[in-house]
There are 2 protein chains.
Amino acid sequence: MITLTERQSLILKAIVRDYTEGGNPVGSKALVQELPMKVSSATIRNEMAHLEDLGLIVKTHLSSGRMPSIKGYRYYVDHILKPEKVDNKDLKVIQHSLGGEFHKIDEIVAQSADILSQLTSYTTFTLRPELKHSRLSGFRLVPLGNHQVMAILVTNNGDVENQTFTIPTDITGDELEPVVRFIDDQLVGLPLQDVLAKLQSEIPLKLAHYLQNPDGFLDIFGSVLSKAASERFYVGGKLNLFNYTSKQDPQEMRSLYSLLDQTDHIADVIGPPGQHIQVRIGNEITNDLLKDYSLITATYDVDQHGQGMIALLGPTAMPYSRMIGLMGAFQRELARKLLDYYRYFDE
Amino acid sequence: MITLTERQSLILKAIVRDYTEGGNPVGSKALVQELPMKVSSATIRNEMAHLEDLGLIVKTHLSSGRMPSIKGYRYYVDHILKPEKVDNKDLKVIQHSLGGEFHKIDEIVAQSADILSQLTSYTTFTLRPELKHSRLSGFRLVPLGNHQVMAILVTNNGDVENQTFTIPTDITGDELEPVVRFIDDQLVGLPLQDVLAKLQSEIPLKLAHYLQNPDGFLDIFGSVLSKAASERFYVGGKLNLFNYTSKQDPQEMRSLYSLLDQTDHIADVIGPPGQHIQVRIGNEITNDLLKDYSLITATYDVDQHGQGMIALLGPTAMPYSRMIGLMGAFQRELARKLLDYYRYFDE
DNA sequence: TTTTAGCACTTAACTTAATGGAGTGCTAAC
DNA sequence: GTTAGCACTCCATTAAGTTAAGTGCTAAAA
């Protein structure tokens, strides 16, 4: 367990700030100007040597200034940093952007990714509260003619999922009636995850009473259901990658960029909803492609409707204090907005 | 009007080929090896000086080798190049990729962009045959509860467009019945563009007979209709940009990349369906961001179902001969596949 | 008239050397 | 414990020199 004196702590803090703002290693003379106490550069050099022994700062070469190491950022984030109170202008932007009328939760969550990426100039990810916790409130099968049927699934929160299927024979509404009625009777009102579970077990059996050949229908229902229950990350500010990346190898940029298109990989990186705000720095991120970046994740809570996440990807040298403050504010505003939304549908 | 001797033509051709393959300016000595006739490097130098006077090739500095100018590429494409017969393996890939079962035209067209970008390692755009020519074959309004209604529009070609609306009051199927019947009576069977036209003129009046307050419904119908009739480009191989771009300025990459996300800008660049295969080189493209690239566009024809387009964006130094051959083949295969698809739905 | 050999010339790209500046570690004095 | 002073290290920049590729031009050959 590392313990720093007050002065060492101030020095580390100043190095983090300077390096984040200027992008260049910081020397002892520059620090003389900035520290609140009056000490000589030689003293600072002594302290810096100590910080380096502890592994909190590093040199790029024997006679260069210092920059924070991963461990240094870690210490800074854990013990020094105070979340900055969110800028009033930024708060206004958030509230205004979330203030409009939305027709779907996914729109709110998707837009959130965009707002956050604009505010930060970094790349953001958002995850809606898990749909599994929503309840099935309706299922429709609409024959469209031309051998096509559209399946529509509705939840109590107003989420709508639909999919069109091509089927061998033309079907009229009357033929589908008993199936839809079966679902209304047996499954409406249950959380989607329970419906999913039942689909594996008792539904096929029961459905056999209503339909001669239930397989085709089960495929359709299962497909829409799992599409609805699957989690989707929205990505904002993909293009911002160009602003903060240090890479110039096009191939590396390419793999990075393609990572952002793969929801499952993003899910691995960001992990399940957890406690409050978490900062992962450099190689603490479980993906080698991101080992030169930092990731701030925050879980937001919408009461009985479950939890969602927002996340921010940026350079290791980012203004953590401001970012953490911003994430906190956003987290609160988003949760509030979603609560409002759910309340509207619960009426 | 430029006319070249046989030998000059061969030299220009060789310069284009060498420069495309190697990426470096081509010198007179290298050409001695490659030309079919035996001439000295001095003779080639004389010919090259002439080609330079005509503006077909340029030097990067006083004593460098030559590379083709835009004008040089233009001449090459117009007068020298012969489309390469498409590689048998590539043809197999195309046929196999388009051979599967598709449920929607948009899937076929979207997948086409991906296949083409894989085959070429460049970036591709595809545009489906204009939906305006399709006929309205059905319209449904499905009440979903929770103040929501889904509007579904179906065409005779199996295209389905749907959109969910939130409305102030809950509505039952019975109330919508007359509206849907009105549409079935009056509009089904007409091309979408005619429906669009009528929506501006006679429909509002007629609808007033069926509904007290037709405005809300007209908004919904109009919205789905215009969403269906709007053209959409599919983009394939966005990431391939990293392979062939010469830019390393991240800001420029950024604007380029964001251009690919804007369907309307792409439409401007690629232009309306035209004649067969067209090659635009460098500043012949009407967008300054693309002035260092080349664009090959091809229009494909699906008989009475209208025309669509495929397009290819790559470096000015691209193997035009192979690419034009490939575009031709793809154009034919895609048209055939779509004809099959339409035939299936016309049954 | 066309082609070619030969040569002087140009330029980019690379290598080497020289210089200045920022910053460090260490020592000895305060 | 702190500081002034100094030798030392390394990067960055500039300057100079070298090489290789390629050209244009001239005069001779075909």
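Just so we're on the same page: letters track the sequence lines, and every chain starts at 1. All of these numbers come straight from a predicted model, not from anything done at the bench. What's counted below: heavy atoms across the whole structure, side chains too, no hydrogens, waters or symmetry copies.
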To the nearest angstrom, how far is [X] atom [atom1] from [N] atom [atom2]?
X: A/I11; N: C/dT24; atom1: CD1; atom2: P; result: 11 Å
X: B/M67; N: D/dG22; atom1: CE; atom2: P; result: 15 Å
X: B/D18; N: D/dG22; atom1: CG; atom2: C1'; result: 15 Å
X: B/I44; N: D/dG22; atom1: CD1; atom2: P; result: 12 Å
X: B/M48; N: D/dG22; atom1: CE; atom2: C1'; result: 9 Å
X: A/K29; N: D/dG5; atom1: NZ; atom2: C1'; result: 11 Å
X: A/E47; N: C/dG25; atom1: CD; atom2: C1'; result: 15 Å
X: A/N46; N: D/dT3; atom1: CG; atom2: P; result: 10 Å

- Going through the checks in order, is the side-chain contact (heavy atoms from CB on, under 4.5 Å) test met by B/F125 and B/L260? CA-CA 9 Å; B/F125 310 91; B/L260 301 184; 3.7 Å; yes
- Message: Using 30° and 60° as the class boundaries, would you call the ring planes of B/Y122 and B/Y244 parallel, tilted or perpendicular?
- Response: perpendicular
- Task: Give the C-alpha distance, both sets of side-chain angles, the deciding distance and a yes or no for side-chain contact (heavy atoms from CB on, under 4.5 Å) between B/T316 and B/Y73.
- Result: CA-CA 8 Å; B/T316 48; B/Y73 282 122; 4.1 Å; yes
- Query: Is a salt bridge present between B/K238 and B/D261, judged by a nitrogen-to-oxygen distance below 4.0 Å?
  - Reply: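 Yes, charged N to carboxylate O under 4.0 Å.
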- Message: Taking the basic N atoms (NZ, or NE/NH1/NH2) and the acidic carboxylate oxygens, is any pair closer than 4.0 Å for B/R322 and B/D90?
- Response: yes
- Query: OP1 or OP2 of C/dG25 sitting under 4.0 Å from any side-chain N/O of A/R66?
  - Reply: yes
- Message: Can you see if the side chain of B/S64 gets near the phosphate of D/dA21 - specifically, an N or O under 4.0 Å from OP1 or OP2?
- Response: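 The answer is no; no side-chain N or O of B/S64 sits under 4.0 Å from OP1 or OP2.
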- Task: Kindly compute the distance separating OH (A/Y75) from CG (A/L54), expressed to the nearest 0.5 Å.
- Result: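 Between atom OH of A/Y75 and atom CG of A/L54 there are 9.0 Å.
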- Kindly state which residues belonging to residues 50-63 of chain A come within less than 4.0 angstrom of DNA chain D, counting heavy atoms of the residue only, listed by number. A/H61, A/L62, A/S63
- Item | Distance-only donor-acceptor test (3.5 Å): side chain A/R45, base D/dG5 |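 When only heavy-atom distances are counted, A/R45 does reach the base of D/dG5 through a donor-acceptor pair under 3.5 Å.
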- Note on the structure: The complete set of salt bridge (Lys or Arg N to Asp or Glu O under 4.0 Å) pairs with one or both residues in residues 274-286 of chain B, sequence neighbours excluded, reads B/R74-B/E284
- B/T43 near the nucleic acid: base, sugar-phosphate alone, or nothing, with a heavy-atom cut-off under 4.0 Å? base
